[in-house]
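This report concerns only the one structure given below.
Hydrogens, waters and symmetry mates play no part in the numbers below; they use all other heavy atoms, side chains included. Being a predicted model, the structure only gives us computed values, none of them experimental.
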Amino acid sequence: MLILSSYFPIESPTLIFFVVLLIILLAPIIMGKLRIPHIIGMVLAGMLIGEHGLNILSRDSSFELFGKVGLLYIMFLAGLEMDLESVKKNTRRFLYFGLLTCFIPLILTYVMAMWWLHYSSTASFLLGCIMASNTLIAYPIISRYGLQRDSSVMLSVGSSMLSLFMALLMLAALAASYGEDVGFGFWIGFLLKFFLFYAGCIWLIPKATRYFLRRYSDAVMQFIYVLSVMFLSAACSEAIGVEGIVGAFIAGLILNRYIPHVSPLMNRIEFTGNAIFIPYFLIGVGMLINVRTLFEGTHMLWVVALIAFFGTFGKAVAAYFSSLLFRLPKSSGHMMFGLTCAHAAGAIAMVMVGMRLEISPGVYLVNNEMLNGVVIMILITCIVSTMMTEHAAKQIILREKAQWNPNKKEADDEKILLCVKYPDIAPQLLELAIMMRNPKLKREMVALNVVYDDKAANQHREQGIRLLEMLQQRASSIDVRMQTQVRLATNIANGIKHAFREFAASEIIMGMHVHTEINPKFWGDFIQSLYNGLNRQIVLTRFVQPLNTLRRIQVVVPSRAEFEPGFHRWLERLARMASNLDCRIQFHGREESLELIREYINNHHTNVRAEYTFMAHWNELPKLAEQVSEDHMFVVITARKGTISYKNALDRLPNELMKHFSGKNIMIIFPDQYGIQKEESMTFTAAQHQEESSIYDAILQWINKHRK
């Protein structure tokens with residue numbers, strides 16, 4: 001043992017990183033077999049390998065760095081994944097729950113510390129501030145179960161930030177009372193600095209983000225830009241005297257609408273945090289915990305028990321009282337308690353502030369007893385938080401499954417066919433398809449490249465294969481399965497139609513024809529043949545700027561569109577798109593159509609910010625051009641000839657779009673409609689002719705035979 005102990009703690013950076021990766025790898029496996037949340041495994045592993053355990057690793061600067069990044073990452077992800085529209089609709093709930101989860105634990109802990117632990121009023125107030133705040137240490141569990149937009153989760157995240165901010169303000173006031181520059185001017189300056197910081201973030205980050213995303217589509221550059229914004233915001237927050245996690249959370253909220261939840265960029269951000277930074281933070285928290293202090297005597301056990309109980313009990317009272325007040329299910333109350341009861345690095349930071357505050361020469365506000373009590377409390381609350389959150393997440397999933405109608409999934413035939421040709425717009429078409437698909441169905445998509453069968457077919461086929469491989473890699477980065485096919489055809493439209501039937505697709509998404517001097521026609525050579533020969537939904541798009549920078553979707557709906565069989569399909573796709581982009585959607589049409597659209601949105605997509613504008617006649621289409629900006633998507637719901645919503649004014653659509661909407665983001669949707677497809681009728685007619693000609697040949701043979 002002495003020989004082995006001489007090698008510890010490990011100092012080699014390579015071995016340190018190896019040990020940490022080994023813990024990140026094995027903790028979920030071991031904890032999974034024990035049916036314990038793997039987050040606890042990370043904390044326990046940190047206790048075991050730290051200086052208070054086997055002393056395998058020392059808590060060096062790498063744990064300080066990566067641990068700080070992990071804490072910032074947790075709050076940044078919480079801001080990115082919040083449903084801002086639901087937050088606006090439930091502002092009062094956030095405020096009530098935030099105040100309750102802050103002041104109930106603070107008051108209970110303050111009274112307990114004064115009466116039973118006999119601490120001073122300032123030490124009791126500091127302990128109350130520690131218990132008023134909390135750390136979302138169990139948030140990775142939420143991400144694993146896909147419950148980021150559950151109402152109880154969003155309430156917990158919002159209230160955590162509110163309670164943390166108020167606790168930090170009270171701590172700043174306490175620390176300021178020990179300084180020389182205390183007074184009204186200090187608080188005016190502090191509030192002014194915070195207001196300027198917040199206003200600067202709101203003004204600068206959106207402008208810079210739109211500029212960057214419009215000009216740079218490289219995945220690595222976008223990822224680095226997002227992290228840079230997070231760290232800059234956190235650094236500015238610390239510069240004005242507020243914890244960096246507040247700045248990281250604000251950055252996440254502002255970037256929320258520019259990083260769709262189903263985008264590859266979001267997947268990369270979550271993957272990096274959950275794979276490296278957040279586990280590093282959890283292991284570092286475990287290394288701070290010294291369980292041996294529990295065996296120093298019964299008084300220490302009494303201190304730890306009181307601190308852990310009253311802080312946790314206060315959070316429980318706030319969570320369950322709020323769930324009753326808001327009439328939420330019991331499982332939501334469990335979730336709110338589980339997420340808000342944990343304390344981690346924030347509590348340590350507050351204790352460290354107290355250890356620097358000198359009451360009298362040589363006597364500090366926080367002694368070793370309070371420090372050890374808070375550290376052991378962190379372990380207890382982390383275990384309670386992760387186990388309760390895991391339990392609540394399972395209950396919410398089971399509750400949603402009990403309310404889910406299984407027939408709905410079976411009736412949905414969604415399978416998107418993506419027709420791609422040009423590498424510069426293919427990634428945007430894939431992103432659009434991902435925005436419109438239903439992730440709950442977990443259906444695969446199909447990417448098709450049709451090559452004209454001529455002398456250059458082999459060269460174009462190789463280019464198509466490389467393009468589809470690139471799309472397949474992008475799709476796999478967000479766990480979307482994709483089939484690909486390069487198809488040779490003498491007629492492009494027929495090639496697409498044949499592939500559509502072979503793959504049993506439900507709809508087509510493709511780019512619009514690019515007008516050139518050689519081919520100035522609006523529809524190009526084959527699109528008109530395609531939508532006339534196929535009665536399923538076809539979405540044609542033209543992008544001027546990236547999807548995630550759009551602020552509004554303007555949709556023009558023809559009269560009687562609600563009578564078409566594809567009415568709900570295109571409406572569902574546009575609603576999903578607006579929800580994922582977190583942008584407004586405005587429908588223009590007749591009152592009878594708008595009423596049905598409003599009813600559908602209110603029943604199925606309550607988080608979508610929809611507006612409805614009466615449009616008396618299709619001739620008003622050119623007037624809308626003045627309302628469509630560069631960061632809008634203009635969507636036209638059209639119809640094929642002979643259908644119930646078709647009108648002669650649609651014949652002028654190509655000229656009007658070219659004249660009034662040049663340089664704008666455009667989407668044209670041909671909905672599902674009834675009728676026998678022309679190709680099918682042509683096939684049937686050809687079969688009839690073949691049968692008739694064979695009969696005719698037989699008659700001629702019989703006549704010639706008898707003539708002889």
Side-chain angles (χ1 to χ4, degrees), residues 210 213-214 419 421-422 424-425 428-429 431-433 435-436 508-528 530-531 537-559 561 570-571 573-575 577-578 581 583-590 593-594 597 610-641 645-671:
R210 282 196 294 267
L213 294 180
R214 285 174 184 172
C419 295
K421 181 180 181 181
Y422 302 106
D424 53 341
I425 66 168
Q428 291 178 301
L429 290 173
E431 188 176 357
L432 176 64
M435 297 289 172
M436 289 185 167
I508 294 176
I509 295 179
M510 60 192 301
M512 289 179 62
H513 167 65
V514 179
H515 307 132
T516 62
E517 294 181 0
I518 299 174
N519 192 349
K521 293 187 294 184
F522 182 82
W523 297 117
D525 292 327
F526 66 89
I527 289 180
Q528 194 166 3
L530 179 63
Y531 72 72
Q537 178 166 292
I538 301 173
V539 178
L540 305 174
T541 59
R542 183 183 71 196
F543 300 103
V544 177
Q545 63 183 47
L547 272 174
N548 54 355
T549 61
L550 296 179
R551 291 192 303 110
R552 185 182 291 267
I553 301 172
Q554 306 248 24
V555 187
V556 178
V557 184
S559 58
W570 65 257
L571 182 55
R573 302 302 184 263
L574 292 178
M577 179 180 168
L581 292 174
C583 65
R584 295 183 181 276
I585 183 168
Q586 185 173 6
F587 295 94
H588 305 267
R590 296 285 185 89
S593 303
L594 296 179
I597 293 173
E611 300 173 0
Y612 309 92
T613 305
F614 175 73
M615 189 177 74
H617 198 274
W618 196 259
N619 292 333
E620 299 178 17
L621 190 65
K623 297 180 181 178
L624 292 177
E626 301 174 0
Q627 305 177 22
V628 180
S629 304
E630 290 184 357
D631 52 2
H632 290 190
M633 172 67 80
F634 185 67
V635 182
V636 180
I637 310 300
T638 184
R640 298 166 177 86
K641 286 187 177 181
S645 59
Y646 177 79
K647 49 182 59 61
N648 293 330
L650 288 173
D651 292 336
R652 301 193 303 271
L653 180 63
N655 294 331
E656 290 179 344
L657 291 178
M658 292 178 67
K659 181 178 179 181
H660 302 287
F661 297 90
S662 178
K664 304 291 177 65
N665 300 289
I666 295 177
M667 179 183 296
I668 302 174
I669 299 180
F670 292 89

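- By the 4.5 Å heavy-atom criterion applied to side chains, Gln545 and Asn665 are counted as neighbours.
- By the 6.0 Å contact criterion, NZ on Lys647 is enclosed, its count of non-hydrogen atoms from other residues, nucleotides or ligands being greater than 12.
- Taking CG of Leu550 as the reference point, atom CZ of Arg584 lies at 14.5 Å (rounded to 0.5 Å).
- Summarising the local packing, CD of Glu620 is surrounded by more than 12 heavy atoms from other residues, nucleotides or ligands at distances under 6.0 Å.
- Here CG of Leu581 is found 7.5 Å from CD of Glu431. Values are rounded to the nearest 0.5 Å.
- When the shell of 6.0 Å around CZ of Arg551 is examined, it contains 12 or fewer heavy atoms from other residues, nucleotides or ligands.
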Please report the C-alpha distance between Gln537 and Phe670 in whole Å, then the side-chain angles of each, then the deciding distance to 0.1 Å, and finally whether the side-chain contact (heavy atoms from CB on, under 4.5 Å) criterion is met.
CA-CA 5 Å; Gln537 178 166 292; Phe670 292 89; over 6 Å; no

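- Residues satisfying the side-chain contact (heavy atoms from CB on, under 4.5 Å) test with Ser662, not counting sequence neighbours, are none.
- Ring geometry for Trp570 against Phe587 counts as tilted: the plane angle lies between 30° and 60°, on a 0 to 90° scale.
- Proximity of Arg552 to Glu611: side-chain heavy atoms (C-beta onward) are separated by under 4.5 Å at one or more points.
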Step by step, would you call Lys664 with Phe634 a side-chain contact (heavy atoms from CB on, under 4.5 Å)?
CA-CA 7 Å; Lys664 304 291 177 65; Phe634 185 67; 5.5 Å; no

Working for side-chain contact (heavy atoms from CB on, under 4.5 Å), residues Glu656 and Phe661
CA-CA 7 Å; Glu656 290 179 344; Phe661 297 90; 5.6 Å; no

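- Closest approach of Met436 to Arg573, counting heavy atoms only: O-CD, 3.4 Å.
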